[in-house]
Each structure stands twice: as structure tokens, then as C-alpha cells.
Amino acid sequence: MILKNLRRAGLLAIAALALSACGSEADRAYSACMDQVEKGVAELTRDGGTAAAAMVDMTRNMGKAACEGLREACRNDPNGGLCQGAIAEMSK
């Protein structure tokens with residue numbers, strides 16, 4: 001009985017580690033994506049101009065939505081093309 005419970009606990013621990021790795025990968029992809037968005041916002045701000053303020057808000061909002069979609073895609077299918085492509089970009 002004890003051996004059976006230890007085995008079950010071990011399997012649950014392995015499953016938890018695997019799931020946390022997927023979540024971690026999704027969160028890393030999201031963070032890298034948001035870093036790229038903020039770089040774009042910084043360029044717009046640096047370039048200035050009358051349309052810069054509107055462009056900054058639009059860029060940040062659209063970028064955040066895209067990054068959130070990427071994070072969900074990685075959570076739902078960590079081996080999918082979208083997630084793996086983002087991870088490959090982060091590795092460069």
C-alpha cells in the first residue's frame with residue numbers, strides 16, 4: 001500500500017513538473033513578445049512627432065493582445081508551430 005502511494009505521488013510530481021515547464025515556456029514566450037512590443041514603443045516614442053502618442057497606445061494594445069494570444073497558444077499546444085516559432089525567435 002505504501003509503495004503504491006509513493007508511486008502515485010512520484011507520478012503526480014512528474015506530471016506537475018511537466019505542466020509547470022509548459023507554463024514556464026508559455027510565460028517566457030509572452031515576456032519575450034512583450035519585450036519586443038516595448039522596444040517598438042520605445043522607437044515610436046524616440047522618433048516623436050504628432051502621431052506618436054496615438055501610435056504608442058495602439059502599438060502597445062495590439063502588441064499585448066498578440067502576446068496574450070501567443071501565451072495561450074503555447075499553453076494549449078506547446079509543440080505547435082506558433083509556440084515553437086516564438087521559442088526559436090527567443091533563442092536567437
Side-chain angles (χ1 to χ4, degrees):
M1 181 74 159
I2 293 174
L3 184 59
K4 186 177 181 181
N5 286 337
L6 285 174
R7 184 175 161 195
R8 181 177 293 151
L11 290 174
L12 287 174
I14 290 169
L17 283 172
L19 288 174
S20 69
C22 292
S24 175
E25 205 167 76
D27 291 335
R28 281 196 316 266
Y30 175 80
S31 293
C33 182
M34 286 304 296
D35 288 345
Q36 291 299 317
V37 170
E38 290 304 321
K39 284 180 186 176
V41 166
E43 287 178 23
L44 284 172
T45 303
R46 185 180 59 237
D47 293 342
T50 56
M55 291 298 291
V56 164
D57 288 340
M58 184 180 73
T59 300
R60 187 172 278 134
N61 291 335
M62 290 176 65
K64 184 177 180 185
C67 293
E68 287 171 355
L70 171 64
R71 180 171 52 190
E72 283 305 307
C74 284
R75 285 181 178 161
N76 294 332
D77 187 10
N79 294 321
L82 182 60
C83 185
Q84 290 302 308
I87 291 167
E89 280 297 313
M90 284 189 313
S91 300
K92 288 183 179 179

| query | Taking it one step at a time, do E72 and E68 satisfy side-chain contact (heavy atoms from CB on, under 4.5 Å)? | reply | CA-CA 6 Å; E72 283 305 307; E68 287 171 355; 5.9 Å; no
Here the pair of heavy atoms bringing A26 nearest to R75 is CB-CG, 3.6 Å
Heavy-atom closest pair (V37 atom, C67 atom, distance to 0.1 Å) is CG2-SG, 3.9 Å
Quick one: pull up [atom1] in [X] and [atom2] in [Y] and give me the separation to the nearest 0.5 Å.
X: M55; Y: T45; atom1: CE; atom2: OG1; value: 11.0 Å
X: L70; Y: C74; atom1: CG; atom2: SG; value: 4.5 Å
X: Q84; Y: D77; atom1: CD; atom2: CG; value: 8.5 Å

Residue pairs involving residues 57-67 (criterion side chain to side chain donor-acceptor pair (under 3.5 Å); sequence neighbours excluded):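 As it turns out, the side chain to side chain donor-acceptor pair (under 3.5 Å) pairs with a partner in residues 57-67, which skip direct neighbours, are E38-R60.
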